[in-house]
Amino acid sequence: MSMPSFPIIDPPIDREDAVNQILSSIAMEELGLSHILNAEGEKLQYILGTLPGLSGPPATVSDVLAANESVRDLLETTVQNQLFLRAKMQGALEASQMQGATGATGPTGPTGPAGGATGPAGPTGATGPTGATGATGATGATGPTGPTGAVGAVGATGITGATGPTGANGATGATGATGSTGATGATGATGAAGAAGIAGVTGPTGATGATGATGPTGPTGATGVTGPTGPTGVNVTATSSFAANTSGSVLAVVLAGVLVPLPDAQVLPADITVNAANTVFTVNTAGRYRLSYEVNTTASLASGTTLLINGTANTASTIAPLVSLSHFSNEVMLNLAAGTTVSLQMFGIVSAATLLPGSAGASLMITRLS
């Protein structure tokens with residue numbers, strides 16, 4: 001396989017020319033991107049029917065969604081291209097200075113006039129090499145080992161001392177005398193057993209007597225003391241909240257969705273809180289809850305509504321109509337853990353949604369059931 005070949009540039013360009021050409025190419029790419037973005041903008045204007053001088057059939061919802069997807073894809077590609085162009089420009093501007101080739105040696109200058117000062121002494125010559133080391137002499141013979149000395153005699157064992165005599169046992173004391181046993185009294189004589197009498201005949205059972213008259217009722221006893229009142233049961237519905245928007249707010253609806261603020265007529269218990277923007281409600285007591293909402297706009301919109309549970313759209317609470325609506329309402333029953341967040345959201349085609357002023361433009365109710 002042959003090696004690649006590069007074209008010969010004549011006349012050759014220097015570093016400054018190369019950097020200028022790179023910057024010029026970046027500028028041309030930016031100019032091309034501006035034309036492309038302008039074309040996408042005009043395409044979106046045509047779809048929405050706002051392009052001056054042009055008219056056509058009204059765009060359908062699918063046309064608008066397709067155009068929105070196309071514009072978003074182009075913007076993502078443009079952002080990535082801008083990152084590449086930025087890196088390319090920084091690389092060109094921060095490239096290290098390239099050193100040019102060494103120029104030719106100039107001509108030798110003329111010799112100075114004679115009689116000048118004596119030049120400095122030349123450097124000392126290098127030291128000559130060290131001579132080789134002589135050979136090591138042979139090792140002398142090892143002398144004989146001397147004889148081992150005799151082992152000394154073992155000393156005698158000392159005499160064992162005599163065992164001392166055993167002391168005498170002390171005398172045993174005398175045993176005390178045993179007392180005498182007292183005399184046993186005489187047993188009395190046993191009397192003779194009498195003869196058993198003959199059992200008499202059992203008489204007949206007598207007739208049952210008449211029942212006596214019922215006695216008068218005794219007086220009623222005093223009423224006992226009333227016991228203490230038991231503790232009051234838990235009222236689960238006390239964990240309930242309500243909030244609304246009655247000021248006629250204008251919401252900039254986008255495809256990804258916008259949260260609906262609910263700053264008016266708020267009824268919040270201690271265990272349901274709301275953030276500073278009045279858009280995120282936090283439920284701090286676990287249980288089964290009924291969530292209901294309502295949205296009313298001044299004009300029909302091809303938008304949708306949903307409840308976000310911990311930032312995720314709840315499918316059962318979502319209303320995504322096929323035709324334009326001005327009233328949206330729904331309710332669901334959910335098991336919520338402590339710390340769960342709840343928000344009301346509008347989403348759909350890019351538009352401005354105006355909530356009904358001076359009335360329930362939007363509302364959200366959270367009620368604990370168990």
Side-chain angles (χ1 to χ4, degrees), residues 229-298 301-370:
T229 303
T232 303
V234 178
N235 182 11
V236 295
T237 58
T239 305
S240 301
S241 69
F242 176 82
N245 187 314
T246 61
S247 59
S249 300
V250 179
L251 305 180
V253 180
V254 295
L255 186 61
V258 61
L259 297 183
V260 180
L262 302 167
D264 306 314
Q266 290 185 347
V267 178
L268 298 176
D271 46 0
I272 297 182
T273 57
V274 65
N275 66 346
N278 295 297
T279 55
V280 180
F281 295 80
T282 302
V283 177
N284 296 305
T285 300
R288 177 169 294 177
Y289 286 80
R290 174 179 175 265
L291 310 178
S292 61
Y293 70 86
E294 186 172 356
V295 176
N296 297 294
T297 59
T298 57
L301 300 172
S303 301
T305 56
T306 189
L307 290 178
L308 300 183
I309 307 301
N310 289 328
T312 302
N314 178 266
T315 304
S317 69
T318 301
I319 299 177
L322 299 178
V323 295
S324 298
L325 296 177
S326 61
H327 174 74
F328 306 82
S329 64
N330 200 352
E331 64 179 29
V332 293
M333 186 182 296
L334 298 173
N335 292 320
L336 303 182
T340 299
T341 60
V342 180
S343 299
L344 176 58
Q345 183 194 69
M346 289 192 72
F347 64 91
I349 299 173
V350 176
S351 59
T354 303
L355 302 180
L356 283 178
S359 60
S363 65
L364 173 64
M365 181 179 293
I366 303 174
T367 305
R368 183 183 174 196
L369 302 179
S370 64

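Note that these values count all heavy atoms, side chains included, but never hydrogens, waters or copies made by symmetry. Count residues from 1 along the sequence.
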What I'd like to find out is whether the side chain of Pro321 reaches to under 4.5 Å of the side chain of Ile319, using heavy atoms alone. yes

[X] side chain vs [Y] backbone, donor-acceptor pair below 3.5 Å:
| X | Y | value |
| --- | --- | --- |
| Asn310 | Thr312 | no |
| Asn314 | Leu308 | no |
| Asp271 | Thr285 | no |
| Asn330 | Ala316 | yes |

To the nearest 0.5 Å, what is the distance between [atom1] ([X]) and [atom2] ([Y])?
| X | Y | atom1 | atom2 | value |
| --- | --- | --- | --- | --- |
| Ser343 | Leu262 | OG | CG | 9.0 Å |
| Arg290 | Ile366 | CZ | CD1 | 12.0 Å |
| Phe328 | Thr318 | CZ | OG1 | 12.5 Å |
| Leu307 | Leu364 | CG | CG | 6.5 Å |
| Asn335 | Ser370 | CG | OG | 7.0 Å |
| Thr273 | Leu268 | OG1 | CG | 8.0 Å |

Residue that, paired with Thr340, satisfies side chain to side chain contact (heavy atoms under 4.5 Å, CB included) out of Ile309, Thr282, Asn284: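 The single option meeting the side chain to side chain contact (heavy atoms under 4.5 Å, CB included) with Thr340 is Ile309.
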
Write down the atom of [X], the atom of [Y], and the distance for their closest heavy-atom approach.
| X | Y | answer |
| --- | --- | --- |
| Val253 | Gly348 | CG1-N, 3.9 Å |
| Ser240 | Arg368 | OG-N, 3.8 Å |
| Pro357 | Thr298 | CD-CG2, 4.2 Å |
| Pro263 | Asn278 | CB-ND2, 3.6 Å |
| Leu355 | Gly361 | CD2-O, 3.8 Å |
| Ala338 | Ala286 | N-CB, 3.8 Å |

Derivation and outcome, side chain to side chain donor-acceptor pair (under 3.5 Å), residues Thr305 and Tyr293: CA-CA 9 Å; Thr305 56; Tyr293 70 86; 2.9 Å; yes

